[in-house]
Amino acid sequence: MSAPAPAQRKRVAILISGRGSNMTSLIAAAERGDYPAEIALVLSNRPDAGGLATARGRGISTVALDHKQFASRETFEAAMQSALDSHRIEIVCLAGFMRLLTPTFVERWSGKLVNIHPALLPSYKGLHTHERALADGVKIHGCSVHFVAPEMDAGPIIAQAAVPVLDDDTPDTLATRVLAREHQIYPMALRLVASGATRIENGRVLCAGVSTDADAALVSP
Ligand code: GAR
């Protein structure tokens, strides 16, 4: 495949609140010449987020906007929007960004706002997904990348990956197994979105040029 010209690469902002391991996987993917997106900005609502230093170390512009310094969600998001505008951002990836977004912001970015969630949506929206999956005794768990809708952890699903739940799993061991799959599917999903391969039809994301093994199955135990 020939490399996309720089002008054709979508300018992406990654929003983080913490260590930014998913951010790092997206940065690594975008460092490849044939990737259809470049990471033009990393923004955090927490000035102490570990991922900010990682991004700076990779030569990426960073912005820290401490949400506690803003009087309202709306004024915080106005500051975010102005950072996104000044960096000419075309796609926003939430990667462990732990702030709820207002419907106004979500609608402004409709179809261009993507999130990763550590569960097989629509199961286990919200927090503590691994603890809850273990408590329910599910045998298969996983992660999802989806377009963001105004409701929390909802919106058309772009990609999912499943992992087995083992008898001796703890929330931490299960989180580690899921996280490895997050790092695999987020760069893959962003590639699909940034290259224009995705379209939404009746709430489903259809992907052009992707072939899925119809016989693939994960059986657990
Ligand atoms: C990831 O597991 C991500 O799926 C989750 O936060 C973690 C961030 O880790 N996101 C959510 O729970 C959003 N609902 P990271 O900072 O190492 O990417």
Side-chain angles (χ1 to χ4, degrees), residues 12-31 37 39 41-58 60 62-67 73 77 80 91-103 105-106 109 113-136 138 140-163 165 169-191 193:
V12 171
I14 307 175
L15 273 49
I16 63 169
S17 298
R19 68 190 160 183
S21 72
N22 277 290
M23 172 206 78
T24 303
S25 77
L26 293 173
I27 292 171
E31 282 171 353
I39 311 306
L41 174 68
V42 169
L43 184 151
S44 179
N45 66 310
R46 291 189 175 276
D48 60 350
L52 285 172
T54 310
R56 268 184 232 114
R58 305 290 267 264
I60 294 168
T62 62
V63 169
L65 293 172
D66 184 351
H67 64 272
R73 246 175 234 287
E77 288 181 358
M80 279 209 312
I91 296 173
V92 175
C93 288
L94 309 179
F97 184 69
M98 303 313 251
R99 292 295 294 166
L100 289 177
L101 297 167
T102 65
F105 185 89
V106 171
W109 285 95
L113 180 58
V114 180
N115 181 43
I116 187 151
H117 183 71
L120 291 171
L121 292 172
S123 293
Y124 305 116
K125 297 175 179 182
L127 299 174
H128 310 299
T129 56
H130 311 306
E131 286 89 331
R132 288 156 58 210
L134 284 174
D136 284 344
V138 299
I140 292 176
H141 186 44
C143 49
S144 308
V145 179
H146 64 98
F147 287 113
V148 176
E151 309 80 54
M152 184 187 65
D153 296 329
I157 295 166
I158 304 163
Q160 293 184 304
V163 304
V165 178
D169 262 333
T170 65
D172 282 350
T173 60
L174 186 52
T176 301
R177 198 173 313 110
V178 171
L179 191 64
R181 294 300 146 207
E182 294 185 38
H183 297 164
Q184 178 183 7
I185 65 168
Y186 210 172
M188 184 191 90
L190 178 59
R191 173 187 283 283
V193 173

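What's counted below: heavy atoms across the whole structure, side chains too, no hydrogens, waters or symmetry copies. Just so you know, ligand 1 is whichever comes first in the structure, and atom 1 is the first atom listed for that ligand.
- Annotation: His146 is not in aromatic contact with His117 [ring centroid separation under 6.0 Å not met].
- Atom 13 (C) of ligand 1 has Ile116 O, 3.8 Å as its closest protein atom, hydrogens excluded (heavy atom only).
- Under the 3.5 Å distance criterion, the side-chain polar atoms of Ser144 are left unmatched by any main-chain donor or acceptor of Gln160.
- For atom 11 (C) of ligand 1, the nearest non-hydrogen atom from the set Pro118, Ala119, Ala95 comes from Pro118.
- Atom 1 (C) of ligand 1 has as its closest protein heavy atom Glu182 OE1, 3.2 Å.
- Interface of Gly96 with ligand 1, defined as ligand atoms under 4.0 Å from a residue heavy atom, comprises 6 (O), 8 (C), 10 (N).
- Counting only heavy atoms of the protein, atom 16 (O) of ligand 1 lies nearest to Gly20 N, 2.8 Å.
- With hydrogens and angles disregarded, no donor-acceptor distance shorter than 3.5 Å links the side chain of Glu182 to the backbone of Ile116.
- At the top of the distance list for atom 14 (N) of ligand 1, counting protein heavy atoms only, stands His117 ND1, 3.1 Å.
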*Should Arg58 and Glu31 be marked as a salt bridge (charged side-chain N to carboxylate O under 4.0 Å, His left out) after you check the CA-CA gap, both sets of side-chain angles, and the distance that decides it?*
CA-CA 10 Å; Arg58 305 290 267 264; Glu31 282 171 353; 3.2 Å; yes
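- Here Asp153 has side-chain heavy atoms under 4.0 Å from ligand 1, and that is the only part of it that gets that close.
- Put simply, CD1 on Ile16 and SG on Cys93 are 12.5 Å apart, with the number rounded to the nearest 0.5 Å.
- Between Ile140 atom CD1 and Leu120 atom CG the span is 8.5 Å, to the nearest 0.5 Å.
- Protein heavy atom nearest atom 9 (O) of ligand 1, with residue, atom name and distance: Arg19 NH2, 3.3 Å.
- Distances shorter than 4.0 angstrom occur between a heavy atom of Met98 and an atom of ligand 1.
- In this structure a side-chain-to-backbone donor-acceptor pair under 3.5 Å is missing from Thr62 to Arg56.
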